[in-house]
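Here the structure comes first, spelled out in structure tokens, and everything after it is commentary.
Every value quoted in this text rests on a predicted model; they were computed, and no experiment measured them.
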Amino acid sequence: MRDLADEAPKAIAAERSRVATEGWGAQLLARQSPTGDWPGGQWDLVTLWSLVVLKDLGLDPASREARRMIDRVDKGLVFKPLNNRPFLHGETEPCINGRILGIGSYFKEPNDALANQLLGEQLDDGGWNCEAPKSRRSSFHTTICVLEGLLEYERAGRKSAAVTRARKRAENYLLERGMFRSLRTGEVIDKRWLRFSYPTHWRYDVLRGLDYLRDAGIKPDSRVDEAIEIMIKRRHQNGRWPLNLLHPEQIPLEMETGVGRASHWNSLRALRVLRWYDNSMR
């Protein structure tokens with residue numbers, strides 16, 4: 001309704017209000033424990049991935065259900081090895097902290113200290129890597145997580161020259177590599193990036209990268225052309241995009257599990273990327 005059909009804001013808001021009480025959103029909210037986390041594995045990661053999906057589903061942060069949910073997280077969850085640092089204050093890895101920054105900015109409040117920590121960890125080539133400082137070469141996986149978080153941080157009212165500059169450098173890191181190729185050899189870095197899935201968890205792929213550029217309002221240029229072509233080739237004859245793979249990480253909710261079958265998530269994201277790209281060509 002919002003990204004493809006240009007529905008009226010009132011109609012969008014009415015539909016959005018249903019996320020907390022119906023379907024996937026309601027099911028995922030119901031699985032949160034009273035202490036704030038979600039079951040199913042390593043508590044902090046399962047909780048983070050669940051929060052990301054709730055955000056992507058469009059859960060209204062002002063809704064009663066969302067406020068109760070994020071208050072549980074804020075009051076109940078800490079990183080014990082880090083002197084009981086509150087969950088929404090982040091931990092040590094930029095791939096995790098980028099996601100936490102985005103979640104906190106969307107559901108609660110922007111965390112300036114966490115944003116500044118991430119800005120200080122940007123590498124010389126423009127991106128981020130959870131293996132730094134051991135590795136001085138950026139990771140697509142980490143970089144996209146931080147980019148998404150910084151974008152949400154800016155949207156929450158924290159726009160600044162430093163954040164914009166950091167995002168531009170990281171966006172160029174992706175674009176200079178054609179969204180999936182080695183800058184040094186021109187080879188495809190990881191063929192799994194050419195196959196699309198949701199939830200993405202911490203993992204990069206071409207569709208996730210393109211959808212970020214669209215969301216950030218970046219004007220597409222020739223550096224995304226090949227990535228767009230790859231995305232179009234993934235489209236089935238029925239006009240939809242399939243679920244190409246499932247990642248091993250889990251959340252306590254089954255959404256789309258039929259690999260090879262049409263995916264609501266992949267189709268939505270691909271169609272809005274195409275719309276963004278086609279509109280820029282006019």
Under 3.5 Å: donor-acceptor pair, side chain of N129, backbone of R137: yes
Modelled atom types, side-chain donor and acceptor of Y153 and N111, under 3.5 Å: no
Polar contact flag, side-chain donor to acceptor under 3.5 angstrom, R167-Y212: yes
Polar contact flag, side-chain donor to acceptor under 3.5 angstrom, T164-E154: yes
Check: Y277 main-chain N/O paired with S280 side-chain donor or acceptor under 3.5 Å: yes
More than 12 heavy atoms from other groups under 6.0 Å of CZ on R136: yes
Polar side-chain atom of Q122 near backbone of A166 as donor-acceptor pair, under 3.5 Å: yes
N-O pairing of R275 and D6 below 4.0 Å: yes
G58 backbone acceptor or donor facing R16 side chain under 3.5 Å: yes
Chi angles and distances behind the salt bridge (charged side-chain N to carboxylate O under 4.0 Å, His left out) call for D211, R272: CA-CA 8 Å; D211 200 32; R272 67 189 183 189; 2.8 Å; yes
Whether R85 side chain and E91 backbone form a donor-acceptor pair below 3.5 Å: yes
Residue pair E256 / R261, side-chain heavy-atom distance below 4.5 Å: no
Non-hydrogen side-chain atoms of L119 and V163 separated by less than 4.5 Å: yes
More than 12 heavy atoms of other groups within 6.0 Å of R169 CZ: yes
Test item: W128 side-chain N/O and A170 main-chain N/O as donor-acceptor pair under 3.5 Å: no
Student check: side-chain heavy atoms of R203 and E249 closer than 4.5 Å: yes
Y173: ring-ring contact (aromatic ring centres under 6.0 Å, His included) partners, not counting sequence neighbours: F140
Aromatic plane relationship, F79 with F87 - under 30° parallel, 30 to 60° tilted, over 60° perpendicular: parallel
Heavy-atom check, side chain of P252 versus side chain of V46, under 4.5 Å: yes
Ionic contact status for K108 with D71, cut-off 4.0 Å: yes
R240, CZ atom: more than 12 neighbouring heavy atoms under 6.0 Å: no
Check: S63 side chain, D60 main-chain N or O, donor-acceptor pair, under 3.5 Å: yes
CA sep, side-chain torsions, deciding dist, call: Y204, L174, side chain to side chain contact (heavy atoms under 4.5 Å, CB included): CA-CA 11 Å; Y204 177 86; L174 300 179; 4.3 Å; yes
S138 side chain vs G127 backbone, donor-acceptor pair below 3.5 Å: yes
N-O pairing of R68 and E65 below 4.0 Å: no
CD (E22) with more than 12 external heavy atoms under 6.0 Å: yes
Heavy-atom donor-acceptor pair, S197 side chain to N244 backbone, under 3.5 Å: no
E131 atom CD, over 12 foreign heavy atoms within 6.0 Å: no
Distance in Å, W24 CH2 paired with L59 CG, rounded so as to fall on 0.5 Å steps: 15.0 Å
Donor-acceptor pair, side chain of T47 and main chain of W38, under 3.5 angstrom: yes
Charged N-O contact under 4.0 Å between R208 and E148: yes
